[in-house]
Engineer: 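My structure is below; once you've seen it, I'll send some questions.
Within every chain, numbering begins at 1; the chains are lettered A, B, ... in the order of the sequence lines, protein sequences first and strands thereafter.
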Amino acid sequence: MKAKIYITLKRTVLDPQGKAVTNALNSLGFNKVLDTRVGRYIEIELKEKNKQAAEKKVHQMCDQLLSNPVIEEYRFDLD
Amino acid sequence: MEEIKITPQLVKEHGLTEEEYQRILKFLGREPSYTELGLFSVMWSEHCSYKSSRVHLKNLPIRGKRVVQGPGENAGVIDIGDNYAIAFKIESHNHPSQVEPYQGAATGVGGIIRDVFTMGARPIASLNSLRFGDLETDLTKQLLGGIVSGIAGYGNCMGIPTVGGEVCFDPSYAGNCLVNAMCVGLVKSDSIVKAIAKGEGNPIIYVGSTTGRDGIHGASLLASAEFTEESKDKRPNVQVGDPFLEKLLLEACLELIEKDLIVGMQDMGAAGLISSSSEMATRGKSGIRMNLDKVPRREPGMIPYEIMLSESQERMLVCGKKGKEEDIKKIFEKWDLKAEVIGEVTNTGRLEILDQGKIVADVPVHALTEEAPVYNRPYSEPKYIAKISENKLKVTEPKSYNKALLNVLNSPNIGSKKWVYRQYDHQVRTNSTILPEKGDAAVLRIKENGKYIALTTDGNGRYCYLNPRQGAKLAVAEAARNLACVGADALAITNCLNFGNPEKPEIMWQFKEAIEGMSDACKHFDTPVTGGNVSFYNETNGKAIFPTPVIGMLGHSDPKDFKNSDVPFCTEGFKDEGDIIILLGETKEDMGGSEYLYVHKKDWKAAPPSLDLDKELNLHNLLRESIRKGLLKSAHDCSDGGLAVALAESCLTGNQGADIQLPANKLSLAVHLFSETQSRAVVTVKYDEVEALGALAKKHNTPCTVLGKVQSHDLSISLKERGTAGRQGNVISLTLEDMQKAFNTAINL
């Protein structure tokens, strides 16, 4: 089973990188960019066949290592 | 939006007591709105109001002939001549750093930098005083790693050198690390800016980053309550910093001041918009009317309560001069920053806040600030203190003195902090004259007037735990001694007072005692307190940290006073073979709280080292005079770890060895080598200048003992004759490599 994990900064948290990208896009002439949020994308291959068990594992991975729960949030798809 | 009803439960959740709530009702003559409740809650929190500490803090000396600005502003300012002054301050960011090490430490550095440049000063150096739990634990490693890279990340990006500081470890800090950040800036004496709002009709301008929901109640909840396991759920209270934005803010603010467009400004730090606006109005004896519709926001749907309390970083509140609004905006535009006029100064003495045309808060300014509650909390001596003063330590001799010295050198409290400071840029701006671990204090050149300043931070939690009054005195003495060892005059201090829960009488007693001790020492060394910060509630699950007052001291050297004006300072490393090594001061039995006992897991809980303030000052005057006369080739404070450690450090820094013949005295050998008696320094002179130094020492009434000479490669310590130590001949023989290995691997993640 493969987990596709998307991690972004929480909405309430300042995203300096996103801000820099917004500015850069606008200065390249894409004038309509209002805001950008930059995050990470992670793919993990799991041995686990049971979807429920896999979900639980990925949650644990995200909470303990992959994301920083203080400032980030995540979501993931399994297939 | 529907108005939220004020219930006793809600009041309690805001950390306000019933009496405090009654006080609010009296000030307003009615029930507060939800927004107003929030304003009082943060402004009356311990962090903003100093309600438990104020009665004691007023005992500290704050006057001096060089003091341009004492406590009460964003930073203290000290005159250094030629129309230049130094702005400096230290502040804690303990709780945020424990919750989110990287961002907590980074925003701590960012906050103190803003405090300095809002005074109109250009930041020129940072220092940090850090305390952690036992280095062996995973949590400490994780915290240390995150905090150090957070400090490095912010300071390095801003282009401000991190020139010094301290790092100590003790299990008492395991659940509550300390991150005290100090910033030092240079300002022209005639362009110091104050955090003031006055002049009816002058615009109130919001500048910098957008306002988000981050850090709401950071001041009242995180910084003003103890840690429990539940604190983890309070996580969104931590902010994220953006040093590149702060750099722009710094440049823009300094340009505003240069062009004389503003009346005053203040950083929106703890308690954000509400603390900056109400404090500026208080100082100007004015009022402020603000319209929140104009506040730039990061996210939709924010209510007035959140906008006023947000602690989003990199924001400033500016009181501009009327008619200069466009000029001010233009400067911020140039630096790519948002600037919005959000209100104006009034003469009503009230803070009026409008949102979508409606008044959401209308409170007397003084009620939020000057008339916040003040508590003279009960205090009583903790039970452990009596036990300590009765305790007589038994110091046993080690099997091998070589091994004992290596053990102490390998302690993370003594060993090299290279792992930490190599992550900091400590040379940017090219003024750093004494680099980390090369001297007892950092020394910076002030290119603008050709003078030098010296900086140090000091504090010993162990000593303060054993005797808070004595511990605080020792911290001031150590800081002043460090400055004397580089040849500088001590001018003033800023302090960061880290303590447990002030509602406990034992903690309040520690605080009161520490302040009194600090006050005595500051008066003696003529180093007034120019500001700082109190951090209470440093507890985890009911257990307090060691009381830890940290002293940041500023010193000053004028090359004109030095015989060799090209080198107006002194470093700690031994220089040339054949130089004579001399101990200034006298070694006594002071083993309470010593690193030797601590490292060897022996009982260390006895009275901390004694201190005679007159002797201490004599030593400082002797060090300064002999350095300025060009007599000393090296000088190193002899305290933590004792004489053996001071000798080893001077060997390691200078890449030299030493041949030491210890004179006989009444002390046992372990005490002689590792006692932490104060008012001592290890110095070297050229072989033919021993007498000259001896004469100066006599003049300054300080004992002066020849210990041996600098040799290449090996540290060898022998006993000259059979004393009460009961042995003679060589006791320590170590190569530089042996010592380097122990010293350099003490902190190694």
Side-chain angles (χ1 to χ4, degrees), chain A residues 3-44 46 52-78, chain B residues 95-107 110 138 142 146 150 153-154 157 208-216 218 222 231-248 296-302 306-307 309-315 335-338:
Chain A
K4 296 175 171 175
I5 307 167
Y6 305 84
I7 301 167
T8 52
L9 286 167
K10 284 183 188 164
R11 200 65 228 174
T12 53
V13 167
L14 175 72
D15 180 358
Q17 195 184 352
K19 234 180 104 246
V21 173
T22 305
N23 290 345
L25 287 173
N26 283 330
S27 57
L28 276 175
F30 298 98
N31 286 331
K32 300 258 166 75
V33 179
L34 288 176
D35 192 20
T36 315
R37 307 288 287 180
V38 179
R40 309 194 283 295
Y41 170 69
I42 300 168
E43 281 185 3
I44 292 176
L46 296 158
Q52 252 185 337
E55 235 169 54
K56 202 173 153 202
K57 278 234 169 73
V58 175
H59 270 299
Q60 284 172 345
M61 291 176 189
C62 288
D63 288 336
Q64 288 173 24
L65 177 72
L66 302 176
S67 84
N68 176 353
V70 180
I71 52 174
E72 292 174 331
E73 57 196 6
Y74 63 84
R75 64 184 173 79
F76 58 84
D77 306 323
L78 286 171
Chain B
H95 288 97
S97 303
Q98 181 80 22
V99 178
E100 161 52 39
Y102 185 96
Q103 295 296 347
T107 52
D138 289 340
Q142 189 201 335
Y154 212 99
C157 291
S209 191
T210 47
T211 297
R213 285 195 177 95
D214 46 350
I216 291 175
L222 266 187
S231 298
K232 281 199 175 140
D233 301 331
K234 292 180 182 165
R235 272 174 165 176
N237 285 342
V238 177
Q239 319 90 359
V240 171
D242 180 355
F244 297 107
L245 191 99
E246 175 134 321
K247 171 71 176 163
L248 299 175
R297 307 165 198 200
R298 190 178 303 150
E299 49 195 321
M302 288 182 70
E306 292 169 323
I307 296 167
L309 269 56
S310 161
E311 293 186 6
S312 291
Q313 295 287 298
E314 291 94 17
R315 303 179 302 157
W335 292 101
D336 248 341
L337 292 165
K338 285 194 181 73

Engineer: Is it the backbone or the side chain of B/Glu314 that comes under 4.5 Å from a heavy atom of chain A, or both, or neither?
Structural biologist: side chain
Engineer: For A/Asn68, which atoms come within 4.5 Å of any heavy atom of chain B: side chain, backbone, both, or neither?
Structural biologist: side chain
Engineer: For B/Ser209, is it the side chain, the backbone, both, or neither that has a heavy atom closer than 4.5 Å to a heavy atom of chain A?
Structural biologist: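 Side chain only.
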Engineer: Can you find a pair of side-chain heavy atoms, one from A/Gln17 and one from A/Leu9, that are under 4.5 Å apart?
Structural biologist: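 No; the side chains remain at least 4.5 Å from each other.
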Engineer: Can you tell me if B/Glu100 and B/Tyr102 form a side-chain donor-acceptor pair at under 3.5 Å?
Structural biologist: no
Engineer: For B/Thr211 and B/Met302, what are the C-alpha separation, side-chain angles and deciding distance, and is it a side chain to side chain contact (heavy atoms under 4.5 Å, CB included)?
Structural biologist: CA-CA 9 Å; B/Thr211 297; B/Met302 288 182 70; 3.9 Å; yes
Engineer: By a 4.5 Å heavy-atom criterion (distance strictly below it), what part of A/Ile71 contacts chain B: side chain, backbone, both, or neither?
Structural biologist: side chain
Engineer: Check the orientation of A/His59 and A/Phe76. Use parallel for under 30°, tilted for 30 to 60°, and perpendicular for over 60°.
Structural biologist: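 Perpendicular, since the angle between the ring planes exceeds 60°.
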